[in-house]
Amino acid sequence: MAKNNYNLSEGALQIIMKGGDVHQPVMQVLGSKKINSGSSDKERYRILLSDGKNSISFAMLTTQINDKVGCGGISTFSVIKIDRYITSVINNTGKGDTRVLLILDMNVIVPGEEVGQKIGFPTVLTDTGSNDQTPASNGNASGYGSSTTANTVAAKTSTANGSVSFNINGVNLSDQLTHPISSLSPYHNKWVIKARVTNKSAVRTWSNSRGEGKLFSVDLLDESGEIRLTGFKEAVDKFYDYIQVDKVYYISKCQLKPANKQFSALKNDYEMTMTLDTLIQECTEDEKSVPTIKYDFVTIDQIQNFEVNTIIDVVGVARTVSELQTFQARSTGKELKKKEIMLVDHTKTSVALTLWGTQAENFDGSNCPVLVIKGARVGEFGGGKNISTLSSSNMKINPEMTDAYRLRGWYDGEGNKLDYSNISAKSGAGNFSTPWLSFKEVQDQGLGNAEKGDYYQVMGTILLIRSENAIYKACPTEECNKKVIDLENGMYRCEKCNREFPNFKYRLLASMNVGDWSGNQWVSMFSSEVEKVIGMTSQEVGEQIEQNPESMVSITEKANFKQFIMKCRAKMETYNTPRQAKIPMVLMINPISNASVSPKSNMLED
DNA sequence: CCCCCCCC
């Protein structure tokens, strides 16, 4: 056996086969074998390779260098310099991961005939699948700020399918060596995805009993699916500026966990979190093979049919835009900013779109831009539907898209002259037709037996509001107005939601005596209408009585002898015996000057 | 580890 007089890179295989990098290693070929692959009519060679210290049998010459090999392959004992190579972890044996060395380019330094024998005493290298350092293991921890090309990263990625069919220069290599997003799961951690960033959130901070920090998240898309990736704290510093919407990245080494469907509309059972090991590298080659954001547009006239909280994609023209409005959130006291846009489309329908925060501040509605929104949320107000952007929404202004061009052309041609049917117009409780009845007639007719109660309206004068218990602390959750229990420790418990909150909202619930021409009647009135009666918000009333509990009397007295058209509901108690009429509920009040509600027209309808 | 997305 010859000594190593050929400068074999002893120990190189140990490094390479653990995912490390050795520059242009010199190796000896101890044997080669032609492989016929079913899918390719080209020949490939599997070789037994030695660095003088170790040997492996999982080395393969790629077909691009067949011309350097000749028809007989590389002669046994040849010493070669490997100029370009990649390793790839395959798992198609059922026995765990195996790393293969794929030689992309090499040159024979000394032909086998000249060497004539095995150099050194190489032992077979085992345990080649673990300690994965891929991708970009050549000193670039993240790819961020590095000069490494995307290609380099691709050439060091792992593969799940064990395919070893390559194109030259790795142009399509990366595709074959990356994993589809849909294949990601917590049960595999060796993967690289090549994905387009379709959305990036702002950086948000949080502070709660478990701690505080900052985070952001991106939505990733490839041809197989989509997934959300969130970065916390130091990951924000590391990656937030680097990652840009619409660009394609190689991403590996993130932590996978089941997605909480409650908080994400993305179609994936999992979501990912960046870790200290996470690698993200922009892909600048062949990135067009990764699909761009997909939309599932609904037309504006369809929005009224969606349930509240549905997430939709919509494209429309911003026909009008409100001024920036600033106000305080009732529940949190936080200052909020919004702009309301009238969005229209070719269905001749308009919907109110609300933008929030900096997006609202920065929005320029001049020239009626076309807006394309992914992930807007359907809301409801006063019986009409509206839409709103969330932090997870993605809004593009005048994007270069067919749907946007088409709408632009339509609007500039005829749309700008049209009248639109507004699905955000207030309707519902205040709009259904109700007969004019006096309190005496309601009583005499014994109304309230209908399943949902009987509705009527009266011209009523408020004679007295009871100031006792007219205001209460309610659950801060939207749509839940249940009175909360003050736990006297800064927390408030809602029995209905079975939750404790650090805050509450004030609600008014007034019991009042109302007179009409036939007599008088005690009625109840909810917060929204009491606010109109007394000209104060519940929050304002709450703050005032916190200062001076006695002031409730003077607040309620202001309502005395005010006159309104009151839409009321008569309903029977269903569980109390004997069966008796409940206190009527005033659902909505309107000033008597409201010309749209004339007794005569309503009587004719009924 | 967030998960808030608000208002009339």
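A, B, ... follow the sequence lines: proteins, then strands. Residue 1 opens every chain. From a predicted model like this one, the values you see are computed outputs, not experimental measurements.
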Chemist: Starting from P on B/dC6, measure out to CD on A/Q539 and report it in whole angstrom.
Modeler: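 So the two atoms are 18 Å apart, to the nearest Å.
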
Chemist: Confirm from the modelled atom types if A/R228 and B/dC2 form a donor-acceptor pair under 3.5 Å, side chain to base only.
Modeler: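 Not at all, since no donor on one side and acceptor on the other fall under 3.5 Å apart.
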
Chemist: Report which part of the nucleic acid A/K257 touches: base, sugar-phosphate, or nothing (heavy-atom distance under 4.0 Å, all strands).
Modeler: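 The residue A/K257 makes base contact.
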
Chemist: Checking A/N398 against A/R408 for the side-chain contact (heavy atoms from CB on, under 4.5 Å) test, could you report, in this order, the C-alpha distance in whole Å, the side-chain angles of both residues, the deciding distance, and whether it holds?
Modeler: CA-CA 9 Å; A/N398 287 326; A/R408 170 91 275 144; 3.6 Å; yes

Chemist: Could you check whether A/S538 and A/S527, counting side-chain N and O atoms only, form a donor-acceptor pair closer than 3.5 Å?
Modeler: yes

Chemist: Is it the case that the ring center of A/Y506 lies less than 6.0 angstrom away from the ring center of A/F504?
Modeler: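 Yes.
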
Chemist: Check the distance between B/dC8's P and A/E540's CD and give it to me in whole angstrom.
Modeler: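 Value for this atom pair: 10 Å.
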
Chemist: I'd like to know if A/S391 reaches the base of B/dC4 with its side chain, counting only an N/O donor and acceptor under 3.5 Å.
Modeler: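 Yes.
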
Chemist: Between A/K505 and A/N481, is there a side-chain donor-acceptor contact under 3.5 Å, judged purely by atom types and distance?
Modeler: yes

Chemist: Whole-Å distance between B/dC8 P and A/Q328 CD?
Modeler: 11 Å

Chemist: Within the stacking criterion (centroid distance below 5.5 Å, interplanar angle below 30°), does A/F381 stack on B/dC8?
Modeler: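 Answer is yes, a stack.
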
Chemist: Scan A/E234 against the nucleic acid and name what it touches under 4.0 Å (heavy atoms): base, sugar-phosphate only, or nothing.
Modeler: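 Answer is nothing: A/E234 stays at 4.0 Å or more from every strand.
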
Chemist: Heavy atoms from C-beta onward define the side chain here; which of B/dC6, B/dC7, B/dC2 lies closest to that of A/R377?
Modeler: B/dC6

Chemist: Take the protein atom CG of A/L215 and the nucleotide atom P of B/dC2, then report the distance between them rounded to whole Å.
Modeler: 8 Å

Chemist: Using only heavy-atom distances, determine whether the side chains of A/E540 and A/Q544 contain a donor-acceptor pair under 3.5 Å.
Modeler: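 No donor-acceptor contact under 3.5 Å links the two side chains.
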
Chemist: With a 3.5 Å cut-off and just heavy-atom distances, do the side chain of A/E340 and the base of B/dC7 make a donor-acceptor pair?
Modeler: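 Answer is no: no donor-acceptor pair is held.
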
Chemist: What nucleotide, of B/dC1, B/dC7, B/dC2, holds the atom closest to the side chain of A/R210?
Modeler: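 From the listed options, B/dC2 comes nearest.
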
Chemist: Can you measure A/N208 atom CG to B/dC4 atom P for me and round it to whole angstrom units?
Modeler: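 It works out to 10 Å between those atoms.
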
Chemist: Quick check on B/dC2: is either OP1 or OP2 less than 4.0 Å from any side-chain nitrogen or oxygen of A/W206?
Modeler: yes

Chemist: Tell me the interatomic distance from A/K505, atom NZ, to B/dC8, atom P, rounded to whole angstroms.
Modeler: 11 Å

Chemist: Can you tell me the distance, in whole Å, between the CD atom of A/E212 and the P atom of B/dC3?
Modeler: 13 Å

Chemist: What is the distance from CD of A/E323 to C1' of B/dC7, rounded to the nearest Å?
Modeler: 17 Å

